[in-house]
Number of protein chains: 2
Amino acid sequence: MQRDGINLPNLYVGLVHYPVYNKRGNIVCTAVTNLDIHDIARCAKTFGVQVGYIINPLDSQKTLVKRIIHHWTEGAGALYNPARKQALERIQVRTTLKEVIEEISEAHHTPVKTVATDARWQRRTVSYRKMHELLCDRPQPYLLVLGTGWGLAREVLEESDYILAPIEGTFTYNHLSVRSAAAVILDRLVGNRQRGGTENGFHRNN
Amino acid sequence: MQRDGINLPNLYVGLVHYPVYNKRGNIVCTAVTNLDIHDIARCAKTFGVQVGYIINPLDSQKTLVKRIIHHWTEGAGALYNPARKQALERIQVRTTLKEVIEEISEAHHTPVKTVATDARWQRRTVSYRKMHELLCDRPQPYLLVLGTGWGLAREVLEESDYILAPIEGTFTYNHLSVRSAAAVILDRLVGNRQRGGTENGFHRNN
């Protein structure tokens, strides 16, 4: 995708509420967190993500998310904070990860590549630099898959095309919120660090 | 500070609720957001920040924050989620930014350098790469100052030793939550990108 002289990756984000682990290692469906929607929407708009999908199989949860989106895109929130409207407009609600994969693949007439994330090192992980290079391979679409709760179920990791390296800080502690993880991952993959003083990022053509 | 073979910067974070702007450009005191505390605590623990200060002059707000911290460090939350306990233990509540500056300076027997953040370009901004180099200049302490609401008051920016470059994404949209901004800034300044595949970060000595 190209727009305003900038080459954009065809990047999508999916926030998965099922199947994920709870703290005991059981597969559960987590409840939606309001600020997850806002923070991922604002990150999506900032980092040029095409659509941020909130993925939850429960009708009651989907209704809640749609109500929040409506408030900020068409309700009172849209007038109160137009910047938030622009961000929330990038959010869609879907029932399953499979549905999201099919939707993106159909839109691009090619299978979307899934990029799972996990706080632990997996046997096969791809570095941020490598993933950045792959994202430059437009028009191939990519779906970054984020897990809520205690992380994505093993089956999601196994079925994904790539698994990103975990975010490492200073020591071994690695319990960032999914909101923080999403921000760091998107910045590492597609943030513009040119003027900020570090490296790569997608460059303007002109 | 050196620990476990890793050279750590003497980095502190302050989340300012007053003086900050509201959407009309008036100076206000914002209300504390629960997930700001959690996300900044988890980032602080992950990225080796010494203390995360929640700065709010209102007694009712300080009491609320202390109650949240107590729940997770000594109350039922500490047993429920020990990882959260480790994170929340890094959080302190203070009345003013001045008080925080004096406290850190006294502890280190040298004036702390303040590093303000803003979503807009300022006349004097320091790049992430430059700030990373400065942070390597141990044992000099640094305080990263984050604003809630619509950003830090002009006086805080003017009185700061440094102003970090804004986080740039793909276009000009720059309305990240303070939670997302904190995560990205800490990752850019002190995140370990070695195994993650990109550059610099603080290295192990051995």
Side-chain angles (χ1 to χ4, degrees), chain A residues 3-4 6 8-9 23 33-36 38-40 42-43 45-49 80-81 83-84 86-87 121 125-132 164-171 173-177 179-184 186-188 190-202, chain B residues 3-4 6 8-9 23 33-36 38-40 42-43 45-49 80-81 83-84 86-87 121 125-132 164-171 173-177 179-184 186-188 190-202:
Chain A
R3 197 166 46 174
D4 297 345
I6 300 182
L8 274 188
K23 62 177 287 192
T33 299
N34 178 41
L35 287 187
D36 286 1
H38 284 263
D39 284 8
I40 286 172
R42 295 162 80 175
C43 277
K45 175 69 179 160
T46 298
F47 293 110
V49 170
Y80 176 76
N81 190 340
R84 199 62 63 88
Q86 287 180 55
W121 284 94
T125 55
V126 59
S127 72
Y128 291 89
R129 182 181 292 280
K130 177 65 181 172
M131 200 64 234
H132 169 79
L164 260 183
I167 296 166
E168 292 204 310
T170 310
F171 296 118
Y173 185 93
N174 190 351
H175 301 280
L176 292 176
S177 71
R179 296 171 294 283
S180 298
V184 168
L186 287 172
D187 182 55
R188 287 187 180 191
V190 294
N192 180 358
R193 295 160 169 259
Q194 286 302 297
R195 294 179 67 189
T198 56
E199 95 300 19
N200 58 42
F202 286 85
Chain B
R3 197 169 44 176
D4 297 346
I6 300 181
L8 274 188
K23 62 177 287 194
T33 298
N34 178 41
L35 286 187
D36 285 1
H38 284 264
D39 284 8
I40 286 173
R42 295 162 81 175
C43 278
K45 175 70 179 160
T46 299
F47 293 111
V49 170
Y80 176 75
N81 190 340
R84 200 61 62 90
Q86 288 179 54
W121 283 96
T125 55
V126 58
S127 71
Y128 291 89
R129 182 181 291 280
K130 177 65 181 171
M131 201 64 234
H132 169 79
L164 261 182
I167 297 165
E168 293 203 310
T170 311
F171 296 119
Y173 185 93
N174 190 352
H175 302 280
L176 291 176
S177 71
R179 297 171 294 282
S180 299
V184 168
L186 286 173
D187 182 56
R188 287 187 180 191
V190 293
N192 182 358
R193 297 162 167 260
Q194 286 302 297
R195 295 180 67 189
T198 55
E199 95 300 18
N200 59 41
F202 286 85

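So that the names make sense, note that chain A is the first sequence line, chain B the second, and so on, each numbered from 1.
Distance check, rounded to the nearest 0.5 Å: OG1 of B/Thr33 to CD1 of B/Ile40 gives 9.5 Å. In this structure, OG1 on A/Thr46 lies 9.5 Å from CG on A/Leu186, to the nearest 0.5 angstrom. One distance of note links CG of A/Leu164 with CZ of A/Arg188; it measures 9.5 Å at 0.5 Å rounding.
Residue with the most contacts toward chain A among B/Ala182, B/Ala181, B/Ala87, B/Ser177: B/Ser177 (heavy-atom pairs, distance under 4.5 Å). Between chain B and the options A/Gln86, A/His38, A/Arg84, A/His175, the largest number of non-hydrogen pairs under 4.5 Å is found for A/His175.
The nearest pair of heavy atoms linking B/Pro9 to B/Val190 is CG-CG1, 3.7 Å. Contact record, A/Arg42 with B/Tyr173: O-CE2, 4.0 Å, taken as the closest heavy-atom pair.
Using a 4.5 Å cut-off between heavy atoms, B/Ile167 touches chain A through its side chain atoms alone. Interface remark: B/Thr125 contributes no atoms to any contact with chain A (heavy atom separation under 4.5 Å). Proximity to chain A (any heavy atom under 4.5 Å) is shown, for B/Lys45, by both the backbone and the side chain.
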